[in-house]
Amino acid sequence: MRKLKFRKDNFHQAKLEAIRRLFMTNSYNPQEIEAKWQQKWEETGLYRQKIDWDKPKHYALTMLPYPSGDLHIGHWYAMTPSDARARFMRMKGYNVLFPMGFDAFGLPAENAAIKRGIHPKKWTYANIERMRKQLRSMGAMFDWEREAISSDPSYYKWTQWFFCKLLEHGLAYRKKAAVDFCPQCNTTLAREQVWGEDRHCERCGTPVIKKDLEQWFFKTTAYAEELLDFSKIDWPERVRIMQTNWIGKSVGADVVFHTEDGDPIEIFTTRPDTLWGATFMVLAPEHPLVEKITTPEYKEQVTAYVEQARRMSDIDRESAEREKTGVFTGAYAINPVNKERIPIWVADYVLMTYGSGAIMAVPAHDERDFAFAQKYGLPIVEVIRMPGRTDEDGPLTEAYTSKTEGHLINSGPFTGTPVAGAAERVTAWLEENGLGKKAVNYRLRDWLISRQRYWGAPIPVVYCPEHGAVPVPEEELPVVLPEDVEFMPTGESPLKFHEAFIHTTCPICERPSLRETDTMDTFVCSSWYQYRYLSPHYDEGPFDPEEGKYWLPVDQYTGGIEHATMHLIYTRFFTKAMRDMGLVDFDEPMLALYNQGMVLGPDGEKMSKSRGNVIAPDDLVQQYGADTVRAYLMFFARWDQGGPWNYDGIKGPQRLLQDVWEIARYDYVPGEVSKEANRALRRKTHQTIRKVTEDFESFAFNTAVAAIMELRNSVLEAMRMANVDTAVWEEAVNNMLLLLAPIAPHITEELWAQRGQPYSIHQQAWPTWDPEVAKEDTITLVVQVNGKVRDKIEVAAGQDDETLKSIALASEKVQKWLDGEPRKVIVVKGKLVNIVK
RNA sequence: GGGGCGGUGGCGAAACGGUAGACGCAGCGGACUUAAAAUCCGCCGGAGGAAUACUCCGUGUGGGUUCGAAUCCCACCCGCCCUACCA
């Protein structure tokens with residue numbers, strides 16, 4: 001196709017100007033129409049989402065916000081594309097559930113109470129009120145009648161109920177352990193909430209300390225193996241990798257060593273094939289056997305070392321760079337495979353929290369053991385021979401750790417066998433000889449859920465002098481958080497001092513007992529919120545099973561990557577536990593997941609109040625209207641990547657909506673109609689439907705908006721030239737509105753109404769394209785010589801390879817570059833010919 | 001140390017192994033206006049050239065595979081994120 005060169009048409013130019021002047025009084029006023037339609041949608045219950053077994057369902061979920069007080073642009077960035085996708089699915093014919101709520105327990109509320117004397121409840125609910133309004137201004141299709149707030153007693157009753165159920169099923173337990181404690185927040189933390197090299201608190205950044213406390217745990221490790229299976233969900237590889245690494249599965253063997261006095265010491269190793277090279281053992285300072293086996297002459301220094309390790313912060317202790325330290329206990333163990341007598345040491349590089357808290361040390365084939373052996377002059381015995389190495393090469397200068405290259409030496413029956421597969425063979429041999437057994441260890445720890453704070457769901461447990469920890473019976477739930485409390489400047493939980501709360505009776509024997517004063521980690525609340533949304537007022541269970549049958553599980557989840565190893569593991573754990581309790585009949589809470597990126601400040605840095613680079617959505621909505629803000633957020637970058645905010649960039653989408661406003665209201669009168677122009681506009685319309693549909697499917701919102709802009713450009717061209725039939729014009733304009741409806745719901749609704757179309761545009765069927773109409777009549781045949789473009793020829797579409805080849809060879813421009821017969825000619829169907837000289 | 005993601009015009013970005021830079025922003029020239037804003041028309045990767053003829057160079061760097069590479073492979077540099085004595 002020759003590109004249509006349009007001449008400027010003065011008549012229509014003048015007409016356009018006249019029309020534009022007319023619109024001055026009737027111009028696009030987002031504030032007015034947005035408020036109007038938000039109200040109408042609410043009045044007509046347009047977004048009420050009800051079970052309809054005749055329609056396929058789609059449960060779209062976006063991560064619920066914490067009610068911090070103001071809706072951040074990041075919330076808009078997470079929610080508006082999710083909303084657009086949900087609207088798209090609805091127009092595609094799905095019955096879509098798209099709920100919203102608040103993760104309303106948590107520390108900031110309590111800190112505000114301490115700092116400014118406002119009660120956490122008052123602070124939280126005032127914030128929720130404010131944020132609800134802001135959320136409404138987005139024009140999202142949230143069904144507000146399904147709103148759930150985790151700090152409502154009607155919600156946390158069921159959080160507590162889940163606690164009791166987990167306890168009943170052996171998935172919750174209490175134990176004394178050295179746990180991470182944030183001195184600033186005055187509470188213990190889950191392992192996942194301790195971040196970074198300096199091991200700081202996720203919330204406030206203060207380095208954590210270790211404390212020995214009785215705490216409640218959820219047994220996430222019970223599902224460690226199943227959590228590694230992602231075969232039933234379509235989640236980003238990145239999240240799967242992060243979870244896999246976090247769970248950290250290692251396969252090896254448990255081997256029992258014995259001290260000379262016969263005390264057994266169990267160790268876990270991933271390298272049973274190096275057993276013959278174990279030249280000493282190391283116990284963690286906290287290991288229970290340390291005290292027993294230490295000989296009198298070493299008692300003093302061992303005790304001192306253990307004391308010192310206990311006092312040392314995790315930062316120092318767990319830093320890999322630090323030089324390893326340790327002390328000899330005076331005791332010896334017998335290596336079970338070769339009966340060698342090997343010394344037992346205590347060193348803090350061995351952690352009590354992993355494996356059994358004791359290791360066999362094989363300095364020749366483990367970097368840490370090598371460094372330790374060198375420092376303390378312990379023997380290094382090589383048992384895996386590196387290919388090409390001989391005895392003449394002298395002692396090893398570093399640990400040789402390959403599991404694939406080399407063969408075993410000095411290893412009894414295994415001497416001479418290749419290292420590849422040796423671990424498995426040795427494990428089998430250990431089992432046959434009763435020396436050890438195959439074992440699997442996970443890095444994943446059980447989830448510590450106790451928090452020494454007030455603003456959370458109370459752990460529903462009573463401590464009876466007779467019966468110990470007794471769960472509160474279901475009919476007495478919820479254990480209500482008392483409101484008449486006084487906040488300590490230290491951050492200490494006021495529950496501890498609330499006499500009426502603490503003192504109760506044992507549910508079993510009615511003896512005076514004390515209530516648990518710890519509350520649950522807020523991640524417990526958010527582990528099951530997707531179920532509460534189904535029926536937030538239901539009071540016979542956490543959710544109405546009738547609703548569950550229809551809506552569950554979540555089909556599409558969207559949210560930030562930062563929850564990969566926290567919320568997203570916890571909620572999977574919850575669902576698996578719920579399945580095993582018979583509450584649901586599926587294995588995974590969310591079938592598909594998509595992670596959006598982050599909007600950065602205009603300076604390219606993470607937005608923060610202290611940097612002063614925060615973009616306030618309220619101001620933007622005030623200035624441009626919600627539709628423009630939505631369109632810009634979807635347009636400016638790939639959704640999964642995000643990027644810096646750009647003040648000028650928003651003008652593009654603003655002009656788009658402005659143009660759409662004028663186009664849709666334009667009283668089109670055809671002038672001199674050309675068949676070619678008709679065909680071209682229809683083609684563009686149908687191509688755009690195809691492009692936008694595909695882009696919505698794959699979350700490529702930026703190119704979807706770009707495609708609509710292109711259609712806008714074509715429609716403006718037709719407006720100027722007045723060279724298409726009215727029917728073609730109408731088709732283009734109506735489809736443009738339909739395609740834009742999920743992105744800019746207000747303006748499209750308004751224009752749809754103004755054009756006399758039935759309410760609501762959001763209930764219309766998503767447009768379909770006709771491949772025949774969308775097809776190109778001509779193609780640009782690219783002709784290359786040796787891979788370099790030498791000509792571009794417009795030819796009719798659908799010609800066979802031979803024809804394209806002869807057209808290409810006939811080109812004068814191409815002939816210039818040829819001398820004689822080409823060696824080879826490659827034809828790419830309907831696209832390109834490459835001539836190889 | 002390990003793992004992941006990314007590096008394309010002045011900027012945000014497009015591009016099933018097949019015309020690099022769609023779409024948008026900014027900029028420049030022009031129209032309209034007393035003027036500005038808005039709007040409209042045109043140009044817009046770099047070099048050479050009077051040129052909308054044409055040629056060469058261009059997707060972080062260096063190699064490789066291929067008729068053909070931003071795209072696939074190897075090595076390296078830079079940026080961001082996660083993880084880190086896990087036996």
Side-chain angles (χ1 to χ4, degrees), chain A residues 6 8 13 16-17 20 195-197 236-239 241-242 244-246 248-250 252 267-271 274 282 284 317-322 324 347-351 353-362 366-369 371-372 441-445 561-562 564-565 597-598 600 604 606 632 635-638 640-641 643-656 658-659 662 691 700 702-710 712-713 716 720 780-789 791-792 813 816 822-829 831-837:
Chain A
F6 294 103
K8 192 161 152 186
Q13 179 67 34
L16 256 185
E17 283 308 313
R20 188 159 285 123
W195 286 9
E197 201 166 338
E237 193 190 4
R238 190 159 162 223
V239 174
I241 290 170
M242 282 172 79
T244 303
N245 290 343
W246 188 259
K249 179 179 181 175
S250 320
I267 60 105
F268 170 74
T269 176
T270 54
R271 295 297 304 274
T274 63
V282 186
R317 190 167 154 187
E318 292 193 5
S319 162
E321 276 100 80
R322 187 177 132 250
K324 299 193 184 342
D348 61 11
Y349 79 92
V350 173
L351 309 175
T353 47
Y354 185 80
S356 61
I359 62 160
M360 66 168 188
V362 185
D366 181 284
E367 283 167 29
R368 295 154 299 178
D369 297 344
F372 194 81
N441 254 286
Y442 301 92
R443 213 186 65 116
L444 183 74
R445 306 293 151 84
I561 187 79
E562 66 274 15
T565 56
M598 223 193 321
L600 304 173
K606 211 166 161 168
Y632 178 58
F635 175 71
F636 88 99
R638 263 173 59 170
D640 61 339
Q641 274 177 219
W645 178 267
N646 182 313
Y647 285 104
D648 290 322
I650 197 168
K651 285 185 185 165
Q654 187 187 20
R655 285 174 190 147
L656 170 68
Q658 196 68 247
D659 289 343
E662 298 197 1
K691 174 73 177 149
N702 57 335
T703 47
V705 176
I708 295 170
M709 285 174 170
E710 284 188 52
R712 176 267 316 257
N713 292 342
L716 281 178
R720 196 178 310 125
T780 307
L781 182 68
V782 175
V783 188
Q784 300 181 330
V785 176
N786 286 350
K788 275 188 188 288
V789 179
D791 198 7
K792 298 174 188 180
K813 287 179 187 169
K816 225 170 58 183
R823 276 204 297 139
K824 200 169 164 189
V825 179
I826 286 140
V827 182
V828 180
K829 211 153 196 57
K831 217 177 222 176
L832 177 141
V833 175
N834 189 12
I835 301 160
V836 188
K837 277 212 281 187

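Throughout, a chain's letter reflects where its sequence line sits, starting with A, and its residues are numbered from 1.
Applying the 90° cutoff around 0 to the glycosidic angle, A53(B) is assigned syn.
Distances were taken from every side-chain heavy atom of K816(A) (C-beta onward) to each of C54(B), C67(B), C23(B); the shortest belongs to C54(B). Ranking C25(B), A87(B), A84(B) by closeness to the L351(A) side chain, first place goes to A87(B). Of the candidates C25(B), A84(B), C23(B), the closest approach to any side-chain atom of N713(A) belongs to C23(B). Minimum atom distance to the side chain of Y354(A) is reached by A87(B), of the listed A84(B), G24(B), A87(B). The side chain of R368(A) sits closest to A87(B) out of U19(B), A87(B), A13(B). If you check G4(B), C40(B), A26(B) against the side chain of R720(A), the one that comes closest is C40(B).
Y442(A) comes within 4.0 angstrom of no nucleic acid atom, judged by non-hydrogen atoms across all strands. Residue-level contact check: T269(A) touches the backbone only, with heavy atoms under 4.0 Å from sugar-phosphate atoms and none from bases. When heavy atoms are screened at a 4.0 angstrom cut-off, R638(A) is found touching the sugar-phosphate backbone but no base atom. Here E710(A) lies in heavy-atom contact (under 4.0 Å) with sugar-phosphate atoms only. Among the atoms of the strands shown, base atoms are found under 4.0 Å from some heavy atom of I826(A). Among the atoms of the strands shown, only primed sugar atoms or phosphate atoms (P, OP1, OP2) are found under 4.0 Å from some heavy atom of V836(A). Residue contacts for K651(A): at a heavy-atom cut-off of 4.0 Å it reaches the sugar-phosphate backbone alone, with no base atom in range. At the heavy-atom level, D369(A) lies nowhere under 4.0 Å from the strands shown. Here N441(A) lies out of heavy-atom contact (under 4.0 Å) with every strand. Note on F268(A): a base of the nucleic acid sits closer than 4.0 angstrom, heavy atoms only. Counting non-hydrogen atoms under 4.0 angstrom, K249(A) reaches nothing in the nucleic acid. R443(A) comes within contact range of at least one nucleobase, with a heavy-atom separation under 4.0 Å.
Rounded to a whole angstrom, the distance from the C1' atom of U66(B) to that of C74(B) is 16 Å.
Scanning for salt bridge (charged side-chain N to carboxylate O under 4.0 Å, His left out) contacts around D369(A) gives an empty result, with sequence neighbours left out.
A donor N or O paired with an acceptor N or O is found under 3.5 Å between the base of C86(B) and the side-chain atoms of R445(A). A donor and an acceptor atom sit less than 3.5 Å apart, one in the side chain of N834(A) and one in the base of C67(B).
The shortest distance between the side-chain N/O atoms of S250(A) and the OP1/OP2 oxygens of A87(B) is below 4.0 Å. The phosphate of G24(B) (OP1 or OP2) has a side-chain N or O of R712(A) nearer than 4.0 angstrom.
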Enumerate the protein-to-nucleotides 62-66 of chain B contacts in which both atoms are nitrogen or oxygen and the separation is below 3.5 Å.
none

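Taking the ring centre of Y349(A) as origin, the terminal cationic atom of K324(A) falls inside the region bounded by 6.0 Å and 45° from the ring axis.
Put simply, CG on N702(A) and CD on Q641(A) are 9.5 Å apart, with the number rounded to the nearest 0.5 Å. In this structure, NZ in K824(A) is found 9.5 Å from CG in N834(A), a value given to the nearest 0.5 Å.
When side chains are defined from C-beta on, V825(A) counts as touching V833(A), because their heavy atoms get closer than 4.5 Å.
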